[in-house]
Amino acid sequence: MAQSDGVAHSKLRLGVNIDHVATVRNARGGSLPDPVRAAQLAIAAGADGITAHLREDRRHILDADIVRLRQLIDKPLNFEMAATSQMLDIALQTRPHAACLVPEKRTERTTEGGLDVVGGFAHLAPFIDGLRRGGIRVSLFIEPSIEALEAASALKAPVVELHTGSWCHAVANGEQKLADQEFERLRKAAIHAEQIGLECHAGHGLDFHTARQIARLPQIVELNIGHFLIGESIFIGLDAAIHHMRAAMDDGRAHCLS
């Protein structure tokens, strides 16, 4: 596939998810390590925003973390949430910069797949409307499919985040044919999102290598990365992990696909 050499593209934003700093804290109890401190360090290292998922079972991020994040960081807070009345109330009370609606199952270790925006259209509509009326930018975490994008547009959500997990899993397992197929789905979805006026983000399972690759899609304007960065920080520190990620993203962006 051809590259667009010599063409200036917008800088790709990096959102850092600090959920698993809270996972480590909750494993022992107490207040350390503090996810808010991690968010502040991530911002100092170059993160453009912070993402935190308040789950129904509070397995990592807690209500008090969301309040403190809203008060103590100077970059946008992306509040990941299930489409429930409780989470809508918390979002409207806290007023984060953005709320990303995600699927949630009590039995899953991490978010599995994108939100069913087609089958769940009627259920999602009042939550999106409530967030929008509350002045909160809404995004939907979806599969990279044309049907999901069209449903997101019909729901009047201005932002979508494409689920990159299937592609990253195929890359990690050395399944090159499947990886190529999944990347092509992402590429086509990103193009379609731009065509129908949706701001396009991407995330889930990204590491240095896959972040560099996905950064080559100029329609994607933001990556949200958490587990890998927090894991890598154990070995090299959070500051260094974010600097390495930023460099990988910038390198990919410099070689955008046409």
Side-chain angles (χ1 to χ4, degrees), residues 14-115 127 136 139 141 161 163-165 168-169 172 203-207 223-242 244-245:
L14 171 62
V16 175
N17 185 311
I18 44 82
D19 288 353
H20 294 304
V21 177
T23 300
V24 176
R25 175 196 61 192
N26 296 354
R28 183 167 181 171
S31 60
L32 299 175
D34 180 9
V36 177
R37 183 184 178 197
Q40 293 168 330
L41 289 171
I43 290 168
D48 299 292
I50 297 298
T51 293
H53 183 178
L54 185 65
R55 282 182 172 266
E56 179 190 27
D57 61 9
R58 308 305 199 268
R59 70 178 67 171
H60 36 63
I61 295 296
L62 305 177
D63 299 60
D65 296 327
I66 296 296
V67 173
R68 292 178 62 232
L69 284 165
R70 185 68 178 86
Q71 294 172 342
L72 298 175
I73 65 172
D74 59 1
K75 291 287 186 178
L77 172 62
N78 178 34
F79 177 49
E80 287 189 342
M81 55 177 273
T84 67
S85 297
Q86 182 194 47
M87 290 302 157
L88 177 60
D89 288 344
I90 292 170
L92 293 175
Q93 290 167 13
T94 310
R95 305 277 175 162
H97 171 74
C100 183
L101 296 179
V102 300
E104 189 173 308
K105 300 175 185 176
R106 291 187 181 185
T107 56
E108 66 187 3
R109 291 187 179 183
T110 185
T111 305
E112 297 173 353
L115 195 66
F127 291 99
I136 301 169
S139 64
F141 184 70
E161 180 174 338
H163 177 240
T164 56
C168 291
H169 184 72
H204 200 78
L206 296 169
D207 57 18
L223 301 182
N224 284 294
I225 306 173
H227 181 268
F228 174 78
L229 285 173
I230 301 307
E232 194 70 9
S233 73
I234 294 172
F235 304 103
I236 65 173
L238 186 56
D239 181 271
I242 290 173
H244 282 302
M245 183 59 74

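Quantities reported herein were computed from a predicted structural model and do not represent experimental measurements.
Going from atom NE2 of His169 over to atom OG1 of Thr164 covers 13.0 Å, rounded to the nearest 0.5 Å. Expressed to the nearest 0.5 Å, how far CZ of Phe141 lies from CG of Leu115 amounts to 9.5 Å. Rounding to the nearest 0.5 Å gives a distance of 15.0 Å between CZ of Phe79 and CD1 of Ile50. Residue Arg55 holds its CZ atom at 8.0 Å from CG of Asp19, rounded to the nearest 0.5 Å. Between atom CZ of residue Arg70 and atom OG1 of residue Thr94 there is a gap of 8.5 Å, rounded to the nearest 0.5 Å. The distance from the CD atom of Glu232 to the CD1 atom of Ile242 is 11.5 Å, given to the nearest 0.5 Å.
For the pair Met81 and Ala91, the tightest heavy-atom approach, listed with the atom from each and the gap, is SD-CB, 4.0 Å. Taking every heavy atom of both residues into account, Leu206 and Ile225 meet most closely at O-CG2, 3.7 Å. Contact between Leu229 and Leu238 at its shortest, heavy atoms only, is O-CD1, 4.4 Å. Minimum interatomic distance between Pro33 and Val21 (heavy atoms only, all atoms of both residues): CG-O, 3.7 Å. Here the closest heavy-atom approach between residue Leu54 and residue Ile61 is recorded as CD1-O, 3.3 Å. Contact record, Ile18 with Ala39: CG2-N, 4.0 Å, taken as the closest heavy-atom pair.
Not counting sequence neighbours, the partners of Asp34 by the side-chain hydrogen bond (donor to acceptor under 3.5 Å, both in side chains) test are Arg68.
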(request) Given salt bridge (charged side-chain N to carboxylate O under 4.0 Å, His left out), test Asp63 with Arg58 step by step and report yes or no. (result) CA-CA 8 Å; Asp63 299 60; Arg58 308 305 199 268; 2.6 Å; yes
(request) For the pair Asn78 and Thr51, evaluate side chain to side chain donor-acceptor pair (under 3.5 Å) and give the outcome as yes or no after the intermediate values. (result) CA-CA 5 Å; Asn78 178 34; Thr51 293; 3.1 Å; yes
(request) Report the C-alpha distance between Glu80 and Asn224 in whole Å, list the side-chain angles of each, state the deciding distance to 0.1 Å, and finish with yes or no for side-chain contact (heavy atoms from CB on, under 4.5 Å). (result) CA-CA 11 Å; Glu80 287 189 342; Asn224 284 294; 5.5 Å; no
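Proximity of a side-chain donor or acceptor of Asp65 to a complementary backbone N or O of Leu62 within less than 3.5 Å is detected. Panel note: side chain Asp48, backbone Leu14; a donor-acceptor pair is recorded below 3.5 Å. With hydrogens and angles disregarded, no donor-acceptor distance shorter than 3.5 Å links the side chain of Arg28 to the backbone of Arg25. Remark: the backbone N or O of Glu161 is not paired with any side-chain donor or acceptor of Ser139 at under 3.5 angstrom.
Partner His53 forms a side chain to side chain donor-acceptor pair (under 3.5 Å) with one of His60, Arg59, Glu104 and no other, that one being Glu104.
Classification of the His204-His163 ring pair by plane angle, with boundaries at 30° and 60°, yields tilted.
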